[in-house]
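This report refers to the structure that appears directly beneath it.
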2 protein chains.
Amino acid sequence: MSPDLVDPSVVEMCSALGDETRWSILAALGEGDASASALARRLPVTRQAIAKHLAVLHDVGLVETVQVGREVRYRVVGSGLSATARRLDAIGVAWDRRLASIKQIAENL
Amino acid sequence: MSPDLVDPSVVEMCSALGDETRWSILAALGEGDASASALARRLPVTRQAIAKHLAVLHDVGLVETVQVGREVRYRVVGSGLSATARRLDAIGVAWDRRLASIKQIAENL
DNA sequence: CTCTTCTGCAACCACACAGTTGCATCGTCG
DNA sequence: CGACGATGCAACTGTGTGGTTGCAGAAGAG
């Protein structure tokens with residue numbers, strides 16, 4: 001259930017999260033919605049660089065945009081993270097369970 | 001407790017997981033431990049490329065090595081994934097909770 | 001002992017991408 | 001209206017890195 005409108009692959013999501021600057025942006029957004037220009041004032045990178053990162057984050061559904069007058073505010077979407085987290089955990093658990101069963105088989109030889 | 005010998009940062013972990021080939025390797029390893037050469041026979045990439053990927057995965061603790069005679073078998077460590085998953089989920093939940101509280105404040109104006 | 005095969009190291013190529021500068025546009029405030 | 005600040009698009013640079021080939025050393029298999 002909950003068909004997950006857009007369902008970016010786990011690797012796309014991880015790829016998006018595999019960048020230091022992107023985390024800085026997410027952290028900054030965590031303290032309140034902000035526009036690309038506003039973020040550029042707080043972070044040591046250009047507005048255009050931030051815009052690109054925001055595009056990436058938006059593509060995988062980690063942020064959403066809110067039009068406020070002439071500026072475009074960005075808001076972090078935590079549920080995107082949680083969804084990926086659940087998927088990762090499921091995979092990890094499955095692997096470990098498999099490993100455990102193999103170990104048991106080996107012990108039962 | 002369980003001091004987590006190496007504690008790769010979330011971004012390092014995500015960076016390691018942000019690669020298609022690496023997931024192929026993990027998937028292949030999921031069906032049983034294997035050496036770099038063995039993996040190279042199953043995947044459409046060179047042994048050296050696989051070796052590099054395995055090094056990355058090993059650095060973040062997603063795989064562990066097992067010496068078997070002269071060859072080096074690799075085994076996937078699911079708990080590494082689960083740990084990162086928990087961290088991601090915690091962050092996501094915190095962000096969403098913050099967002100919810102802000103929304104509530106706005107409604108109470 | 002010899003041949004095979006598994007490993008490791010190093011150099012090299014090529015593409016992806018983070019980051020920059022520059023320009024053009026458009027809304028908004030004075 | 002004019003100026004400032006926000007956005008968007010495009011081109012360029014440079015570094016990181018996924019991938020390759022090549023070679024040399026060790027350890028089993030025959």
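Every chain is numbered from 1, with letters handed out A, B, ... down the list of sequences.
Annotation: proximity of residues 33-42 of chain B to DNA chain C (heavy atom, distance under 4.0 Å) is found for B:Ser35, B:Ser37, B:Arg41, numbered in ascending order.
Using a 4.5 Å heavy-atom cutoff, the side chains of A:Arg42 and A:Glu31 are in contact. Counting only heavy atoms from C-beta outward, the side chains of A:Leu54 and A:Leu29 approach each other to under 4.5 Å.
Contact between B:Leu88 and A:Ala85 at its shortest, heavy atoms only, is CB-CB, 3.8 Å. Scanning all heavy atoms of the two residues, the minimum distance from B:Ala16 to B:Arg22 falls at O-NE, 2.8 Å. Listed here is the closest heavy atom pair of B:Gln67 and B:Glu71: OE1-O, 3.4 Å.
One can place CD of A:Glu12 at 15 Å from P of C:dA16, the figure rounded to the nearest angstrom. Atom CD1 in B:Ile25 sits roughly 10 Å away from atom P in D:dG18 (whole-Å rounding).
On a pure distance criterion of 3.5 Å, a polar donor-acceptor pair joins the side chain of B:Arg70 and the base of C:dT5.
Checked by atom type and distance alone, the side chain of B:Trp23 pairs as donor or acceptor with a backbone atom of B:Leu17 at under 3.5 Å. Looking at A:Arg75, its side chain never comes within 3.5 Å of a backbone N or O of A:Thr65 through a donor-acceptor pair. Side-chain atoms of A:Asp33 do not come within 3.5 Å of backbone N or O of A:Arg73 as any donor-acceptor pair.
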Worksheet item: Going 5' to 3' along nucleotides 17-24 of chain C, which nucleotides have protein heavy atoms under 4.0 Å from the base (write B), which only from the sugar-phosphate (write S), and which from neither (write -)?
Response: -SBBBB--
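Paired with A:Val45 under the rule side-chain contact (heavy atoms from CB on, under 4.5 Å), one option of A:Ile25, A:Ile50, A:Leu39 passes, and it is A:Ile50.
B:Glu20 CD: 12 or fewer foreign heavy atoms inside a 6.0 Å radius.
Listed candidates were D:dG5, D:dT7, D:dA27. Nearest to the side chain of A:Glu71 is D:dT7.
With DNA chain C read from its 5' end, the first of the two nearest nucleotides for B:Tyr74 and A:Gly69 is the one closest to B:Tyr74.
A distance of 4.5 Å separates CG of B:Asp89 from OG of A:Ser82, quoted to the nearest 0.5 Å.
Pairing analysis of DNA chain C (Watson-Crick: purine N1 to pyrimidine N3 plus N6-O4 or O6-N4; G-U wobble: N1-O2 and O6-N3; both under 3.5 Å) yields stems of 3 or more pairs at C:1-30 with D:1-30.
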